[in-house]
Engineer: 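Quick one: the structure is below, and I'll ask about it shortly.
When a residue number appears, it is its place in the shown sequence, counting from 1.
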Amino acid sequence: MTQPNPSVDAEGLADLGICESLVLALTERKIISDKEARDLLNDVVTTHTNMAAASTSPEKHLAVVDIIRRILAGKNGIPRPV
């Protein structure tokens, strides 16, 4: 079993935060519509759902799906620690 790498985890959280902020900024400035933003996020869900189905280790793809679904539900994409 591999140990978690805090640096990689931090990079992923930074990426997620930046992307969330960009999508919000694009919609707030009417560069893309809310529907286009939702369609973009739904495309990510579909892609990672398909990748999980084809993978022998789907955990990361399913985690991406969970995060994007949280965003689509209007919640912060970064899950709180348990």
Engineer: For Ile68, what residues pass the side chain to side chain contact (heavy atoms under 4.5 Å, CB included) criterion, not counting sequence neighbours?
Structural biologist: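 Ile68: side chain to side chain contact (heavy atoms under 4.5 Å, CB included) contacts with Leu41, Val44, Val45, Val64, Ile71, Leu72.
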
Engineer: Mind listing the closest non-hydrogen atom pair of Ala52 and Pro58 along with its distance?
Structural biologist: O-CB, 3.3 Å

Engineer: Listing request: all ring pair (Phe, Tyr, Trp, His ring centres under 6.0 Å) pairs with a residue in residues 12-32, at least two apart in sequence or in separate chains.
Structural biologist: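 For residues 12-32: none.
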
Engineer: List, by chain and number, the other hydrophobic cluster members for Ile32, where Ile, Leu, Val, Met, Phe, Trp and Tyr join if side-chain heavy atoms come within less than 4.5 Å, directly or indirectly.
Structural biologist: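 Reading the cluster by chain and number, Ile32 sits alongside Leu26, Ile31.
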
Engineer: About how many Å separate SG of Cys19 and CG of Leu24, when rounded to the nearest 0.5 Å?
Structural biologist: 11.0 Å

Engineer: Please, which pairs that meet side chain to side chain donor-acceptor pair (under 3.5 Å) have at least one residue in residues 22-35, sequence neighbours excluded?
Structural biologist: Ser33-Glu36, Lys35-Asp39

Engineer: My understanding is that a hydrophobic cluster links ILVMFWY residues whose side chain heavy atoms are under 4.5 Å apart, including indirect links. Using that, what else belongs to the cluster containing Leu22?
Structural biologist: Ile18

Engineer: Which pairs, with at least one residue in residues 41-55 and sequence neighbours excluded, count as a side chain to side chain donor-acceptor pair (under 3.5 Å)?
Structural biologist: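 Qualifying pairs: His48-His61.
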
Engineer: Quick one: pull up CD in Glu20 and CZ in Arg70 and give me the separation to the nearest 0.5 Å.
Structural biologist: 9.5 Å

